[in-house]
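These numbers come from a predicted model, not from an experiment. Numbering of residues begins at 1 and proceeds along the displayed sequence.
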Amino acid sequence: MAMDGYKGFLGLLVSALLVGFLSVIFTLIWILHYREGLGWDGTALQFNWHPVLTVTGFVFIQGLAIIVYRLPWTWKCSKFLMKSIHAGLNTVAAILVIISLVAVFDNRKARNIPNMYSLHSWVGLIAVILYFLQLVLGFCIFLLPWAPLSLRAIAMPIHVYSGLFLFGTVIATVLMGVTEKLIFLPNNLYSSFPPEGIFANTLGLLILLFGVLIFWIATRPQWKRPKEPDSSILQSRGGAVEGMEGTLTVSLGGNMDKSDSELNNEVAARKRNLGLDEAGQRSTM
């Protein structure tokens with residue numbers, strides 16, 4: 001099936017992939033060039049895993065998971081396969097987020113720095129908890145064959161809306177985190193437009209643009225994956241309908257045959273009675 005506005009979709013998709021990839025690259029450059037690199041020794045180098053893994057998993061990979069159903073080249077693939085890819089991408093993002101949180105809490109514990117005092121940390125933790133809840137419920141309702149179709153129909157719009165809401169919340173949380181990190185530059189250096197501040201602000205704009213592109217692609221109705229019927233349901237319903245039709249045909253056929261025979265017998269009886277009446281009249285005359 002051809003997609004309406006395919007060229008526009010392709011242009012936005014390429015733009016989103018390019019901007020998302022640049023966001024990851026810019027995050028790595030920021031950490032490796034301006035923040036002394038990565039490590040796992042309880043120092044600031046361990047904390048640096050937090051922005052790298054968050055942007056890579058929670059932003060870029062989650063964005064890909066949101067639009068994977070919109071790729072027209074996958075429309076011929078089974079819905080179960082696409083559900084598995086969608087769940088797999090979200091699972092990878094969740095694993096990266098867990099590692100990023102462990103890096104933060106271990107680093108703060110080693111340096112005796114208090115946790116969860118900023119708005120960034122509050123909103124971020126809420127987003128992580130809701131994301132894992134969304135992932136578990138989505139896996140149980142849509143991927144496993146246990147949930148009834150009525151429950152899936154009710155949960156689908158909620159699942160779609162909450163997924164977009166969480167993605168937007170993650171974008172906002174990352175932007176708050178970038179700003180918070182720059183504010184702590186020594187001697188109020190951020191206000192003097194240092195190269196690191198300009199570079200990190202550019203990173204924030206790339207992340208914001210990536211979110212806008214993902215939202216636009218995910219909300220265009222003409223780029224939605226076409227609905228496909230459930231073959232097992234159709235087969236069961238088709239068998240039932242065919243059985244009903246067969247029963248109805250036999251029943252109607254039997255009734256029609258019976259009605260026809262009764263009608264023929266009645267007509268024959270009337271003809272006999274009419275013949276007898278005529279013969280009696282003739283004998284009387």
(message) Any heavy-atom pair between the side chains of L209 and L213 that's under 4.5 Å?
(response) yes
(request) Could I get the full list of ring-ring contact (aromatic ring centres under 6.0 Å, His included) partners for H50, not counting sequence neighbours? (result) F47
(request) Look at atom CG of D41 and say whether more than 12 heavy atoms of other residues, nucleotides or ligands are closer to it than 6.0 Å. (result) yes
(request) On the 0 to 90° scale, with breaks at 30° and 60°, tag the W223-F9 ring pair as parallel, tilted or perpendicular. (result) perpendicular
(request) Applying side-chain contact (heavy atoms from CB on, under 4.5 Å), name anything that partners K79, two or more places apart in sequence or on another chain. (result) Y69, K83, R225, E228
(message) Once side-chain hydrogen bond (donor to acceptor under 3.5 Å, both in side chains) is applied, do any residues pair with S15, and if so which ones, sequence neighbours excluded?
(response) none
(request) Check side-chain hydrogen bond (donor to acceptor under 3.5 Å, both in side chains) between N201 and all other residues, then give those that pass, not counting sequence neighbours. (result) Y190
(request) Taking the side chain as every heavy atom from C-beta outward, state whether I207 and F26 have any atom pair closer than 4.5 Å. (result) no
(message) For F210 and F167, take the angle between the two ring planes, folded into 0 to 90°, and tell me which bin it lands in: parallel under 30, tilted 30 to 60, perpendicular over 60.
(response) perpendicular
(message) Are more than 12 heavy atoms, taken from residues, nucleotides or ligands other than F165, located less than 6.0 Å from that residue's CZ atom?
(response) no
(message) Could you measure the distance from the CE atom of M3 to the CZ atom of R220? Nearest 0.5 Å is fine.
(response) 13.0 Å
(request) Please identify each residue that fulfils side-chain contact (heavy atoms from CB on, under 4.5 Å) with S150, with sequence neighbours left out. (result) P148
(message) Do L164 and T219 have side chains that approach each other closer than 4.5 Å (heavy atoms only, starting at C-beta)?
(response) yes
(message) Which residues end up grouped with F139 if you chain together Ile, Leu, Val, Met, Phe, Trp and Tyr wherever their side-chain heavy atoms are less than 4.5 Å apart?
(response) F80, L143, L144, W146
(message) Holding to ring-ring contact (aromatic ring centres under 6.0 Å, His included), I want the full list of residues that pass it with F21, two or more places apart in sequence or in another chain.
(response) none
(request) Taking side-chain hydrogen bond (donor to acceptor under 3.5 Å, both in side chains) as the test, write out the residues that go with Q134, two or more places apart. (result) H159, S162
(request) Write down the atom of P51, the atom of T27, and the distance for their closest heavy-atom approach. (result) O-CG2, 3.7 Å
(message) Could you check whether any side-chain heavy atom of V59 comes within less than 4.5 Å of a side-chain heavy atom of S23, counting everything from C-beta outward?
(response) no
(message) Side-chain heavy atoms under 4.5 Å apart, restricted to Ile/Leu/Val/Met/Phe/Trp/Tyr: what other residues fall into the cluster of V123, or is it alone?
(response) L119, M176
(message) Filter on ring-ring contact (aromatic ring centres under 6.0 Å, His included), then keep only pairs touching residues 91-123, sequence neighbours left out; what's left?
(response) none
(message) Would you say that I31 contacts L38 through its side chain, given a criterion of any heavy-atom pair below 4.5 Å between the two side chains?
(response) yes
(message) Suppose the criterion is side chain to side chain donor-acceptor pair (under 3.5 Å): which pairs have a residue in residues 84-104, not counting sequence neighbours?
(response) H86-N90, N90-Y131
(request) Just jot down the side-chain hydrogen bond (donor to acceptor under 3.5 Å, both in side chains) partners of W30, sequence neighbours excluded, or say none. (result) E196
